[in-house]
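Take a look at the structure below.
Sequence positions, counted from 1, serve as the residue numbers for this chain. Remember, it's 1-based here, ligands and their atoms both numbered in the order they're listed.
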Amino acid sequence: MKPEPSILVIFGATGDLTRRKLYPALFNLWREGLLPRDFAIVCVGRRDISPSELYRDASDAVHNFSRRRGHSQQELDAFLQRLSYYQLEFHDQQGYGGLKDYLDQVDGIWHTRGNRVFFLAVAPIFFSIISRQLKDHGMTKNHDSWQRLVVEKPFGQDLASAISLNRDVRSIFPEENIYRIDHYLGKEMTQNIMVIRFANTFFEPLWNNRYVDHVQISFAETIGVETRGTYYEQAGALRDMMQNHALQILSLIAMEPPVALDTESVRDEKVKVLRSLKILEDDVVRGQYEGYRQEDHVAPDSQTETFVALKATIDNFRWAGVPFYLRTGKRLPQKYVEIVISFKRLPGVLYFENEDLGPNVLVIRLQPEEGVYLQFNAKRPGTASMIQPVSMDFCQNCHNGLNSPEAYERLLYDVMRGDSTLFTRWDEVEHSWRFVEKIARWWEEGDHPLPVYAPNTWGPPASHALLQADGRSWLRFMTGEV
Ligand code: BG6
């Protein structure tokens, strides 16, 4: 399947996401010949901006944020030609009639056949109103063509608001035409998780509670909330990272092999994991970095967490009894995302008087390094029969020349060709909210401390205590420079 002729209509075109992610991703797809020949981008925003301002904005975005360098002005100009702007107040009903006429006109110029991707890069409060107006103005049905809706996270603020939002958009677009973005699913190594698991004889047979001792997934960031205080105050680490990215990665790690690689078969297996997730009230830890309350748009007595660590279990035959430790936090010492599968130790009969004998460990690195690291035991060279842990390290972006596509490149490409495998289906969102909401309620109703941790540390001591109580600790395996 290749992307089909279409117009990409970006609502919120003057915002940060469009600038940082969408323009650079679209331009890279364009350079690589991955956009359809018959293609146009219509940027919709509330500001009154001229075509030259739009081009300047898009060019600056490409210069500042694109992963690829060295394009010619000619290439950029050809891309900019496909771009135009339509000014609209999202509440203004009249404006939508004009938008429809404008899109029909663009169809005539670029032969885009009535196909539309409506990308809502706007605050979630506008999702329902924009979808409704699109419908009321005849933009959600156009014979012999397709109309798709792309929505950014957060999809709801809690389960109730997610259900209501879903009801609104589902009354307008069928599920198969709704693309709920979780940008972690577009990352190169996230897509690799299934390949590593299901295309290798030596991983899959061990991937269960007989051989795996525990799993750790860490999402560490060095930045704070920056300019996003208003949003983050409502979200916190639990809703911002756990509800979506962390649970999505967990479901890929723990799912059963799907019957086929088609969209629904994969999603069916992921949702089963989310439905089987269990957690106890004492197995969640939160924290707030020192200085958070002084950030812009943050309340001086804010109770918002910037760090969460938890221990969950998956109540099914494969995983019963295996703890999954997840943590995410801002202002930590390093930015990285890593999955650690720690295997059980062998019976202590032959080599176990040796103190250095570590467990076998498989690490899947999502970023900044992209690769797989394997730790096992081998004899230390020399006459003494000493054993030491050694490693094999595969890094696919550590060497020059391999520059993985940005997540949004893959995601935009997939929307235009109608493949929603890397997007979240409603029931996945629903079960993620059910899990997260349980925790949010404990925090609201119970007596749970919100310790402050110093920036540049690995969160509050309680996060370490959570693993220590089980005789384990957070693991981080260093690798070469990227
Ligand atoms: C976003 C969160 O979804 O993911 C941000 O809202 C977070 O708070 C970001 O910083 C992390 O994404 P990445 O791709 O930089 O790891």
Side-chain angles (χ1 to χ4, degrees), residues 12 15-22 24-25 28 64-67 119-124 150-157 162 179-193 217-250 252 286-289 292 295-298 302 304-308 326-339 364-371 397 403-412 422-424 428-429 432-433 436 455 459 482:
D16 214 42
L17 180 79
T18 308
R19 203 169 304 124
R20 284 176 177 274
K21 301 286 186 193
L22 304 187
N28 284 331
N64 295 335
F65 303 117
S66 173
R67 72 184 163 88
F119 194 123
L120 306 192
V122 294
V150 183
V151 285
E152 270 293 332
K153 69 170 265 263
F155 197 85
Q157 170 63 23
Y179 291 71
R180 297 179 193 83
I181 286 203
D182 183 314
H183 79 281
Y184 264 74
L185 295 182
K187 289 184 190 264
E188 191 61 34
M189 279 308 287
T190 308
Q191 296 164 49
N192 215 341
I193 292 175
I217 311 181
S218 296
F219 296 77
E221 293 189 273
T222 49
I223 56 166
V225 290
E226 317 283 296
T227 54
R228 300 165 73 221
T230 311
Y231 153 75
Y232 201 84
E233 275 286 89
Q234 304 301 315
L238 184 66
R239 294 178 173 86
D240 185 47
M241 295 291 290
M242 278 289 171
Q243 186 270 336
N244 36 73
H245 310 321
L247 293 186
Q248 281 295 317
I249 298 295
L250 171 69
L252 285 166
R286 59 180 176 163
Q288 188 185 71
Y289 67 76
Y292 173 73
E295 301 274 21
D296 285 347
H297 308 294
V298 169
S302 171
T304 301
E305 77 289 349
T306 60
F307 180 97
V308 185
L326 273 60
R327 65 175 167 172
T328 179
K330 293 202 184 281
R331 285 252 192 276
L332 303 185
Q334 289 166 358
K335 177 168 172 73
Y336 78 94
V337 177
E338 220 169 67
I339 302 150
I364 301 179
R365 301 190 149 131
L366 264 62
Q367 63 186 39
E369 304 93 356
E370 295 172 358
N397 67 339
N403 187 350
S404 299
E406 284 280 349
Y408 276 90
E409 292 175 38
R410 176 62 195 259
L411 297 175
L412 286 164
L422 299 181
F423 296 80
T424 44
E428 296 178 69
V429 178
S432 302
W433 271 123
V436 154
V482 176

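Looking only at side-chain heavy atoms (C-beta outward), P24 and R67 stay at 4.5 Å or farther from each other.
Ranking protein heavy atoms by distance to atom 6 (O) of ligand 1, first place goes to D240 OD1, 2.6 Å. Protein heavy atom nearest atom 14 (O) of ligand 1, with residue, atom name and distance: K187 NZ, 2.6 Å. Shortest contact from atom 12 (O) of ligand 1 to any protein heavy atom: H183 NE2, 3.2 Å. Nearest protein heavy-atom contact of atom 16 (O) of ligand 1 is Y184 OH, 2.5 Å.
The distance from the CD atom of E406 to the CG atom of L411 is 10.5 Å, given to the nearest 0.5 Å. Residue Q191 holds its CD atom at 4.5 Å from CZ of R410, rounded to the nearest 0.5 Å. Note that the CG atom of L22 and the CZ atom of F65 stand 12.0 Å from one another [nearest 0.5 Å].
Side-chain contact of E305 with Y292: a donor-acceptor pair under 3.5 Å is absent, judged by distance alone. Under the 3.5 Å distance criterion, with hydrogens and angles disregarded, no donor-acceptor pair is assigned to the side chains of Q243 and S432. In this structure, a donor-acceptor pair under 3.5 Å is absent between the side chains of Y184 and N244.
With ligand atoms numbered from 1 in the order given, ligand 1 contributes 5 (C), 7 (C), 8 (O), 10 (O) to contacts under 4.0 Å with heavy atoms of K330. The atoms of ligand 1 that sit less than 4.0 Å from any heavy atom of Q367 are 13 (P), 16 (O). Those atoms of ligand 1 with a heavy atom of K153 less than 4.0 angstrom away are 1 (C), 2 (C), 3 (O), 6 (O).
Closest heavy-atom approach to atom 5 (C) of ligand 1 within the set E226, R228, E152, H245: this belongs to R228. Among E221, E406, K335, the residue whose heavy atom sits closest to atom 13 (P) of ligand 1 is K335.
In terms of polar-atom proximity, Y232 is not counted as a contact of ligand 1, lacking any N or O under 3.5 Å from an N or O of the ligand.
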